[in-house]
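As structure tokens, the structure follows; a few thoughts come after it.
Note that the structure is predicted; figures quoted are calculated from it, not measured. The figures here come from the full heavy-atom set of this structure, side chains too, leaving out hydrogens, waters and symmetry mates.
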Amino acid sequence: MPYKRVMRYPDRGGLSAQARAKREQIRFAAADMFEQGLTPPQVAHRLRVTRKSACEWRRAWKAGGKQALASKGPGGSTCRLSEEQLRELEAALDAGHAAHGWSNDQRWTLARITKMIKELFGVSYTLRGTCYLLHRIGWSPQRPIRRAAERDEQAITTWVKETWPHIKASPASRRRGSASSTNPAKA
């Protein structure tokens, strides 16, 4: 499946800093409610969160206090490529597949990108890891439009304008038919 850059995500994937801060405030509000003696089901109802989350927060709050509910930053594993290498990867992808020796067809595939990363940076990725990396830098899979190389747009337009109306309006197509080959419909 070919890849193409389509959009960027905040913080290169995951929640934005504002969304993490908002969720942290909800957890801190839960800690305040636990200090007041509310139970996890009551906290879950008031904050409109699941009971499971409220129970996990209470367990963490009991073990480490309010600070145990602080945000730990963006989730996910750390990228094995540096910021400079990510910029180089984006430039290599923008240069196109032909610039890297794949001129037989017009698409990037996960296998090709994985091989290119290994050659450029000496870092091995699985196909799934390459997919996550591409999403992190704002690329997503695209389905190619399959059209014949011999396609003649002018001939198609002419056929639709001139031939199709005659076929559509022919009297044979307006006559009622029968599903039975032995019982033809009467006009």
Query raised in the report: Apart from Phe28 itself, what residues make up its hydrophobic cluster, given side-chain heavy atom links below 4.5 Å?
Result: Ile26, Met33, Phe34, Leu38, Val43, Leu47, Val49, Trp57, Trp61, Leu69
Query raised in the report: Does Val123 belong to the same Ile/Leu/Val/Met/Phe/Trp/Tyr cluster as Tyr132, with side-chain heavy atoms less than 4.5 Å apart forming each link?
Result: no
Query - Side-chain heavy atoms of Leu93 within contact of Ile137, under 4.5 Å - result: yes
Query - Lys66: partners by salt bridge (charged side-chain N to carboxylate O under 4.0 Å, His left out), with sequence neighbours left out - result: Asp32
Query raised in the report: Tell me, do Leu81 and Tyr125 make a side-chain contact under 4.5 Å, heavy atoms counted?
Result: yes
Report task. Report yes if the side chains of Ser71 and Arg27 come closer than 4.5 Å at any heavy-atom pair, otherwise no. Result -> yes
Query - With His100 via ring pair (Phe, Tyr, Trp, His ring centres under 6.0 Å) - residues at least two apart - result: Trp108
Query raised in the report: Do Ser53 and Glu56 meet the criterion of a side-chain donor-acceptor pair at a distance under 3.5 Å?
Result: no
Query raised in the report: Considering only heavy atoms from C-beta outward, does the side chain of Leu89 approach that of Leu133 to under 4.5 Å?
Result: yes
Report summary line: Heavy atoms of Glu88 and Phe121 approach each other most closely as OE1-CE2, 3.5 Å
Report summary line: Shortest non-hydrogen pair, Thr114 vs Thr126, comes out as OG1-O, 4.2 Å
Query raised in the report: When rounded to the nearest 0.5 angstrom, what distance separates NZ in Lys168 from OG1 in Thr163?
Result: 14.0 Å
Report task. Examine distances only and state if a side-chain atom of Glu119 and a backbone atom of Met116 form a donor-acceptor pair shorter than 3.5 Å. Result -> no
**Report entry** Set of residues satisfying salt bridge (charged side-chain N to carboxylate O under 4.0 Å, His left out) with respect to Arg151, sequence neighbours excluded
**Finding:** Glu153
Query - Sub-4.5 Å side-chain heavy-atom contact between Cys79 and Arg136 - result: yes
Query - Heavy-atom donor-acceptor pair, Glu24 side chain to Ala70 backbone, under 3.5 Å - result: no
Requested in this report: For atom CZ of Arg80, decide whether the heavy atoms of other residues, nucleotides or ligands shown that lie under 6.0 angstrom number more than 12.
Outcome: yes
Report summary line: Sorted by chain and residue number, the salt bridge (charged side-chain N to carboxylate O under 4.0 Å, His left out) partners of Glu162 (sequence neighbours excluded) come out as none
Query raised in the report: With sequence neighbours excluded, what pairs up with Arg112 under the salt bridge (charged side-chain N to carboxylate O under 4.0 Å, His left out) test?
Result: Asp105
Report task. Looking only at non-hydrogen atoms, find the nearest pair between Ala60 and Ala68 and report the distance. Result -> O-CB, 3.3 Å
Requested in this report: Return yes if some donor-acceptor pair links the side-chain N/O of Gln42 with the main-chain N/O of Thr39 below 3.5 Å, else return no.
Outcome: yes
